[in-house]
Amino acid sequence: VEETIQGNSLVKHTLRHIVSYYLYCYYFFNPTGCPWMWDNLTCWQPADVGKVVTVSCPELFEVMSLEDEGEQRVSMCLGKVSRNCTEDGWSDIFPHYADACLFDDNGTKTELYFVSVKALYTVGYSTSLVSLTTAMVILCRFRKLHCTRNFIHMNLFVSFILRAISVFIKDGVLYAEEESSHCFTHTVQCKGVMVFFHYCVMSNYFWLFIEGLYLFTLLVETFFPERRYFYWYTLIGWGMPTACVTVWAVLRLHFDDIGCWDMNDSAAIWWVIKGPVVASIMINMVLFIGIIIILVQKLQSPDVGGNESSMYLRLARSTLLLIPLFGIHYTVFAFSPENVSKRERLVFELGLGSFQGFVVAVLYCFLNGEVQSEIKRKWRSWTVNRYFAVDLKHRHPSLASSGVNGGTQLSILSKSSSQIRMSSLQAESPAT
């Protein structure tokens with residue numbers, strides 16, 4: 001038979017066609033799995049349902065030279081790509097060719113850039129967290145500083161503190177392990193962290209808006225019920241972010257439940273949070289301009305002393321003080337798309353914005369004249385009491401051992417001195 005087949009070209013030709021047809025049917029019409037596929041870059045062999053096919057990156061990516069503005073850039077093959085054979089056919093490729101197969105010589109510089117930005121905002125938020133916590137202790141400790149204006153400042157400080165804490169928690173959850181398998185990114189806890197993060201950031205923007213609204217109302221209206229307004233301020237500052245973030249979370253859960261909710265691919269859903277934030281920034285900008293106009297009118301009034309140069313100096317100082325309190329710097333990228341000027345946005349909003357809490361704490365607590373005078377008064381009172389306590393301990397051991405404290409001893413001495421003074425006056429009156 002072999003001699004017949006070898007000698008008969010017709011039989012040989014027929015067998016070749018039968019084998020080719022069988023392979024064709026197997027590759028293209030595999031009824032039990034996924035057929036052969038060419039995606040213009042890689043040849044995917046047939047596979048059964050449920051099987052994951054992994055191949056190396058195409059040779060096209062192994063050595064590829066690109067001319068870019070006269071500079072030679074070399075891209076090298078990094079890894080592998082995969083597809084999953086499902087009942088509906090081949091799945092999308094993962095990871096993408098651009099992520100798995102391309103290595104840019106600028107990749108190291110890009111990674112170093114992001115590491116530098118992360119280090120910058122970590123230092124900024126840490127500094128803000130310490131300074132804001134200290135400012136909160138000072139404003140809560142001294143009872144004479146308790147007023148509506150300082151209560152609004154305290155709520156703003158709390159929003160900055162929560163924002164810093166939420167950033168640290170988010171970084172710890174998403175970026176703690178450099179080579180994480182990202183299995184945690186699909187859990188409820190990870191999504192809860194992102195919800196908390198967006199709530200803290202949004203609350204911070206709204207309390208910046210309330211600071212501007214309160215100051216503008218204070219300049220426009222002579223008399224207004226501050227305590228009643230403060231309830232509305234609290235409702236807006238903490239209630240509006242709660243409502244917006246809740247709506248956003250429900251929409252993400254039903255329409256865009258992908259990963260840890262850290263990527264905002266759906267622009268419509270993202271505007272549930274971004275829209276109110278942009279609105280608060282723009283309203284604050286209008287209030288800022290209105291306050292500057294009012295300050296110019298007040299400084300130009302004949303009742304205000306000083307020459308023209310001192311007027312402009314005070315106006316410039318007031319303007320610089322209001323910029324961090326109102327968050328005016330956020331208007332630079334308020335309307336730009338998320339993917340435009342990404343590097344500049346990161347440096348401006350994350351790097352420099354992380355120090356905003358520190359600047360606000362310094363300007364509106366540590367450099368505040370009312371706060372400084374109250375701290376000095378308490379310090380003088382403490383040093384005087386301590387001085388008399390030590391002095392009485394050396395001069396009158398019986399008083400010191402009787403359990404009378406320094407403040408009581410000081411009051412005893414003041415009373416005794418007043419009695420001696422009255423008795424001396426009575427003694428002098430008959431003589432006159």
Side-chain angles (χ1 to χ4, degrees), residues 117-143 145-176 189 192-215 230 233-246 273 276-277 280-281 284 321-330 348-368 370-371 374-375:
V117 172
K118 186 176 185 295
L120 178 62
Y121 75 71
T122 300
V123 173
Y125 280 122
S126 300
T127 306
S128 298
L129 188 60
V130 173
S131 59
L132 288 166
T133 304
T134 306
M136 279 293 298
V137 172
I138 293 174
L139 293 180
C140 293
R141 175 66 179 82
F142 300 114
R143 195 177 296 273
L145 300 176
H146 292 180
C147 60
T148 303
R149 172 173 50 83
N150 286 335
F151 285 154
I152 294 177
H153 287 339
M154 290 163 66
N155 279 274
L156 179 64
F157 293 169
V158 171
S159 69
F160 273 115
I161 291 173
L162 290 176
R163 180 170 184 170
I165 293 174
S166 66
V167 169
F168 292 143
I169 294 176
K170 179 178 70 70
D171 287 352
V173 169
L174 295 180
Y175 313 116
Q189 292 86 345
V193 168
M194 293 307 301
V195 171
F196 175 70
F197 169 73
H198 286 304
Y199 172 76
C200 295
V201 173
M202 198 171 185
S203 299
N204 185 229
Y205 280 111
F206 269 83
W207 277 106
L208 290 171
F209 161 69
I210 289 171
E211 285 280 0
L213 182 62
Y214 173 76
L215 184 58
F230 180 72
Y233 294 152
T234 306
L235 185 62
I236 294 173
W238 300 115
M240 284 293 293
T242 303
C244 294
V245 172
T246 301
I273 289 180
V277 169
S280 66
I281 292 173
N284 249 15
L321 287 174
L322 291 177
I323 287 176
L325 187 67
F326 281 44
I328 301 301
H329 55 283
Y330 290 118
F348 196 80
E349 294 188 356
L350 283 179
L352 299 180
S354 61
F355 289 92
Q356 184 183 2
F358 168 73
V359 174
V360 169
V362 170
L363 294 179
Y364 296 97
C365 181
F366 302 140
L367 297 181
N368 187 291
E370 186 180 2
V371 174
E374 186 65 17
I375 292 176

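Residue numbers start at 1 and run along the sequence shown.
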Please evaluate residues D171 and Y121 with respect to the criterion side-chain hydrogen bond (donor to acceptor under 3.5 Å, both in side chains), reporting the C-alpha separation (whole Å), side-chain torsions for both, the decisive distance (0.1 Å), and the verdict.
CA-CA 11 Å; D171 287 352; Y121 75 71; 2.7 Å; yes
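- Between the N155 side chain and the T234 main chain, no donor and acceptor come within less than 3.5 Å of each other.
- For the atom pair CD1 (I161) and OG (S166), the distance works out to 12.0 Å, reported to the nearest 0.5 Å.
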Taking it one step at a time, do L156 and S159 satisfy side-chain contact (heavy atoms from CB on, under 4.5 Å)?
CA-CA 5 Å; L156 179 64; S159 69; 3.8 Å; yes
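- Proximity of L215 to L322: side-chain heavy atoms (C-beta onward) are separated by under 4.5 Å at one or more points.
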Report the C-alpha distance between I236 and W207 in whole Å, list the side-chain angles of each, state the deciding distance to 0.1 Å, and finish with yes or no for side-chain contact (heavy atoms from CB on, under 4.5 Å).
CA-CA 8 Å; I236 294 173; W207 277 106; over 6 Å; no
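- Partners of N368 by side chain to side chain donor-acceptor pair (under 3.5 Å), not counting sequence neighbours: none found.
- The two residues F355 and G351 make their nearest non-hydrogen contact at CD1-O, 3.4 Å.
- At a threshold of 4.5 Å between non-hydrogen side-chain atoms, the residues P241 and Y205 do not count as touching.
- Looking only at side-chain heavy atoms (C-beta outward), I375 and F142 come within less than 4.5 Å of each other.
- For the atom pair CE (M136) and CE (M154), the distance works out to 4.5 Å, reported to the nearest 0.5 Å.
- Taking a 6.0 Å sphere around CZ of F358, one finds it holds 12 or fewer heavy atoms contributed by other residues, nucleotides or ligands.
- No more than 12 heavy atoms of other residues, nucleotides or ligands shown are found within 6.0 angstrom of CE on M240.
- Shown here are the side chain to side chain donor-acceptor pair (under 3.5 Å) partners of R141, two or more places apart in sequence or in another chain: there are none.
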Does V130 form a side-chain contact (heavy atoms from CB on, under 4.5 Å) with Y125? I'd like the steps, not just the answer.
CA-CA 9 Å; V130 173; Y125 280 122; over 6 Å; no
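- Put simply, the side chain of C147 reaches to within 4.5 Å of the side chain of N150, judged on heavy atoms.
- Scored by the ring-ring contact (aromatic ring centres under 6.0 Å, His included) test, Y364 finds H153 as partners (sequence neighbours excluded).
- Contact detail for A135 and A361: the closest heavy-atom pair is CB-CB, 4.3 Å.
- Side-chain contact between F206 and P276 is present, with at least one heavy-atom pair separated by less than 4.5 Å.
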Output, in order, the C-alpha distance, side-chain angles, deciding distance and verdict of side-chain contact (heavy atoms from CB on, under 4.5 Å) for V371 and L139.
CA-CA 8 Å; V371 174; L139 293 180; 4.2 Å; yes
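- Between Q356 and L208, the closest side-chain pair of non-hydrogen atoms falls below 4.5 Å.
- Proximity of Y233 to W238: side-chain heavy atoms (C-beta onward) are nowhere separated by under 4.5 Å.
- With values rounded to the nearest 0.5 angstrom, C244 atom SG is found 11.0 Å from Y199 atom OH.
- Once rounded to the nearest 0.5 Å, the distance linking CG of L350 with NZ of K118 reads 11.0 Å.
- Note that CG of L213 is 11.5 Å distant from OG of S280, once rounded to the nearest 0.5 Å.
- In this structure, F209 and V277 have side chains that are not in contact, with every pair of non-hydrogen atoms separated by 4.5 Å or more.
- Judged by the 6.0 Å and 45° rule, R163 forms no cation-pi pair with F197.
- Once rounded to the nearest 0.5 Å, the distance linking CZ of F157 with CD1 of I138 reads 9.5 Å.
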